[in-house]
Amino acid sequence: ALSQDRYSAWILMLQIAAYSNVFDFGIQTAVARYVAQAVERRDHDYLSQVVSAAFYMMLIAAVIAFSGAGVVVWQVQHIFHKAPVDLLGELRWGALVLSAAAAVNLFLSTFTGTLVGLLRNELPALASGSTRLLGAAAVLLAVHFTKSLVWLAVCVGGFNVIGGLWQAFMALRLLPAMRVSARNLTRAMFTELLHYCAGLTAFNFSMLLVGGLDITIVGHFAFSAAGYYGIAVTVIGFVTGLSGAVYTALMAPIAVLQAHGEMGRIRNLVLSSARLGSYIALFIVVGMTLFGHALLSLWVGPAYASQAMPILRILLWAQAIRLTVSSYSIALVATGLQKYGIVGAVAEGVTNVSFSILGASILGPVGVAWGTMVGAIFGLACAVFYTMRAAVKEVPVKAPAFITEAILRPFFCFLPLLLFLCLRSHIHPSLAYLAGASLLTFALLTWLGHIKTSQHKCVIQ
C-alpha cells in the first residue's frame with residue numbers, strides 16, 4: 001500500500017526505534033541468570049534486590065535511549081539527505097512515537113528476564129508474538145484508511161507496550177514474594193550488576209555495529225533502497241528471533257550447571273546445541289535459496305522480491321556463520337565470563353561497519369550485505385582461534401572439537417544439497433535431482449549427524 005520512498009521511511013523509523021535495544025546494557029540477560037540462581041536457592045530477598053536494582057537501572061537507560069533517539073530525529077535531514085522533503089515530518093514524529101514505545105519496553109524488559117530465569121520462556125514468546133501480530137493487524141487495517149506513518153507507528157508501538165505490561169503482570173503473579181521497590185536497592189547489588197553487564201554492554205554495542213547500522217547505511221547512500229533491503233533484514237530478523245529464543249533458553253540451565261560445578265555437561269551442551277543450530281541454519285539457507293523468491297513474491301510482490309532476494313541470500317549465509325558460535329557466546333554470558341568475548345565481538349562489529357560502508361560506496365546496497373558477510377567470517381575466526389583459547393578453563397570447549405562438531409560435520413552432512421545449489425545453474429534443476437540430494441543429506445544426517453533425542457533432552461526442554 002505504501003510507495004517505495006514511504007516504505008523506506010517506515011523501515012528507517014523502525015530502525016531508529018530499534019537503537020533503544022543497545023541501551024539494554026545486558027541487564028535483561030543478567031536478570032535471567034541471577035533470578036535462576038536465586039530461585040534455585042529460594043532466596044527471596046536476593047531475588048527482590050536483583051529485580052529492583054535492574055528495574056531502576058533500566059528506567060535510567062530508557063531515559064537515555066529516548067534522548068538519543070531525539071538527537072537522531074533532530075538530525076534526520078542530514079543523516080538521510082536523499083529523503084524526500086515531504087516525508088521528513090512524518091519520519092520524525094513516527095520515529096519519536098516508536099522510540100517512546102521502545103523506551104517503555106526497555107525498563108519493562110526486566111520482567112522478561114525474570115520469566116526467562118524462571119524457565120517460563122513460553123510466556124515472553126506468547127506476549128511478544130501475540131501483541132506483534134495484533135500490531136501488524138492494526139497496521140493492515142489502518143493503512144486502508146490512512147497512509148500516515150505516524151498512525152502506523154502508534155499501532156505498532158502501542159501493542160508492543162501492551163506486550164511488555166503483560167509480561168510484567170505475569171512475572172509479579174508467578175513470584176508473589178518478589179518486591180520491586182526502591183527500598184530493596186543496595187549499592188552492592190548495583191555494583192554486582194554493573195560489573196556483570198560491563199562485558200554485555202560491549203556485546204550489545206558490537207551487535208549494533210554488526211547489523212543495526214546496515215539499513216541506516218543504505219538509507220544514507222540510497223534512501224529508496226532502504227525498503228527492499230529492509231525486507232531482507234526482516235526475514236533475517238525472523239530467523240534471528242527464532243534462534244535467539246532457542247539459545248536464550250540455554251541461559252538458565254547453564255547457570256544452574258555452573259552452580260553445581262558440572263562443567264563437562266556445559267561443554268557437551270554447547271557442542272550439541274551448536275551442531276543442531278548449524279543444521280537448522282543450513283536448512284534455512286537451502287530452503288530460502290530454493291523457494292525464497294516465490295515466498296517473497298507472495299509476501300511483497302515480484303518487484304520487491306527481485307530486488308531483495310540477492311541481498312537476502314548473502315545475509316542468510318552471514319547469519320548462518322554468526323549463529324555457529326551463539327551457543328558458546330550464551331555459555332560465556334551464563335557463566336559470567338562474557339569478558340572473554342569482548343575482543344571478538346568488537347572486532348566483528350568494526351569490520352562489519354567498515355566493509356559495509358566501503359561496499360555501499362562501491363557496489364550499492366548489495367555491498368552492505370557483503371560487508372556483513374566479511375564481519376561474520378571475521379567474528380567466527382576470532383571466537384574459534386582467540387576466545388576459545390582464552391576461556392578454555394572456564395568453559396571447556398576447545399577449538400578443534402568445536403570446528404569438527406559445529407562446522408565440519410554439519411557442512412559435510414549438507415554437502416549434497418549445497419552442491420545441488422551450486423550446480424543447478426549448469427544442470428536442469430529437476431525435482432529428481434533435488435530429491436536425490438535431499439535423500440543423501442538425510443542419510444548423512446542419520447549416519448554421521450549425531451542427532452539423538454536423548455542427547456538433546458536438555459536443549460528440547
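Start at 1 with the first residue, then count along the sequence. These numbers come from the heavy atoms of this one structure, side chains and all, not from hydrogens, waters or symmetry mates.
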*Kindly determine whether Thr216 and Tyr19 satisfy side-chain hydrogen bond (donor to acceptor under 3.5 Å, both in side chains), including the steps that lead there.*
CA-CA 11 Å; Thr216 303; Tyr19 291 148; 2.3 Å; yes
*asked:* Applying side-chain contact (heavy atoms from CB on, under 4.5 Å) to Leu417 and Leu434, what does each step give before you reach the verdict?
replied: CA-CA 8 Å; Leu417 277 173; Leu434 177 59; 4.0 Å; yes
*asked:* Before you tell me yes or no, could you show the steps for Met373 and Ile321 under side-chain contact (heavy atoms from CB on, under 4.5 Å), namely the whole-Å CA-CA distance, both residues' side-chain angles and the distance that decides it to 0.1 Å?
replied: CA-CA 8 Å; Met373 173 74 85; Ile321 294 169; 3.8 Å; yes
*In sequence, state the C-alpha distance, the side-chain angles, and the governing distance for Val50 and Gln37, and then conclude on side-chain contact (heavy atoms from CB on, under 4.5 Å).*
CA-CA 11 Å; Val50 168; Gln37 294 182 341; over 6 Å; no
*After noting the C-alpha distance and the side-chain angles of Leu312 and Leu296, does the key distance pass the side-chain contact (heavy atoms from CB on, under 4.5 Å) rule?*
CA-CA 10 Å; Leu312 179 57; Leu296 285 182; 4.0 Å; yes
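Side-chain contact between Val51 and Leu175: absent, with no pair of heavy atoms (C-beta onward) separated by less than 4.5 Å. The shortest distance between side-chain heavy atoms of Phe411 and Leu415 falls below 4.5 Å. Looking only at side-chain heavy atoms (C-beta outward), Tyr34 and Thr114 stay at 4.5 Å or farther from each other. Proximity of Arg409 to Phe412: side-chain heavy atoms (C-beta onward) are nowhere separated by under 4.5 Å. No side-chain heavy atom of Gln167 sits under 4.5 Å from any side-chain heavy atom of Leu108. You'll find the side chain of Thr110 stays beyond 4.5 Å of the side chain of Leu59, heavy atoms only. Annotation: side chain of Phe80 is not in contact with side chain of Ser8 (no heavy-atom distance under 4.5 Å). Looking at heavy atoms from C-beta onward, Leu421 lies out of side-chain contact with Arg313 at the 4.5 angstrom threshold.
The backbone N or O of Gly375 lies less than 3.5 Å from no partner atom in the side chain of Thr351, so there is not a single donor-acceptor pair. Between the side chain of Ser278 and the backbone N or O of Ile407 there is no donor-acceptor pair closer than 3.5 Å. The main-chain N or O of Val397 is never found under 3.5 Å from a side-chain atom of Arg267 such that the two would form a donor-acceptor pair. Asn160 places no side-chain N or O within 3.5 Å of a backbone atom of Ala101 that could act as its donor or acceptor partner. Here the side chain of Ser128 pairs no donor or acceptor atom with the backbone of Pro124 at under 3.5 angstrom. Of the possible polar contacts, one joining the Ser272 side chain to the Leu269 backbone as a donor-acceptor pair under 3.5 Å is found.
Distance check: Ile362 CD1 to Phe221 CZ gives 10.0 Å after rounding to the nearest 0.5 Å. Of the inter-residue distances, the one linking Phe111 atom CZ with Phe169 atom CZ reads 12.5 Å to the nearest 0.5 angstrom. To the nearest 0.5 Å, atoms CH2 (Trp299) and CD1 (Ile231) are separated by 6.0 Å. Put simply, CZ on Phe420 and OG1 on Thr289 are 11.0 Å apart, with the number rounded to the nearest 0.5 Å. Atom-to-atom distance recorded for Asn268:CG and Leu257:CG is 10.0 Å, nearest 0.5 angstrom. The distance from atom OG1 of Thr112 to atom CG of Leu106, rounded to the nearest 0.5 Å, is 10.5 Å.
Residues Met178 and Ala171 come closest through the heavy atom pair CE-O, 4.0 Å. Between Leu250 and Ser327 the shortest heavy-atom distance is CD1-CB, 4.3 Å. Minimum heavy-atom separation, Tyr304 to Gln4: OH-CA, 3.4 Å. Looking at every heavy atom in both residues, Ser48 comes nearest to Ser52 through O-OG, 2.7 Å. Smallest separation of non-hydrogen atoms from Met288 and Met309: O-CE, 3.1 Å. Minimum heavy-atom separation, Ala103 to Ala62: O-CB, 3.2 Å.
For Phe355, the CZ atom is loosely surrounded, since the number of other residues' heavy atoms within 6.0 Å does not exceed 12. Heavy-atom contacts from other residues, nucleotides or ligands closer than 6.0 Å to CZ of Phe283 number 12 or fewer. Around CH2 of Trp166, the count of heavy atoms belonging to other residues, nucleotides or ligands within 6.0 Å exceeds 12.
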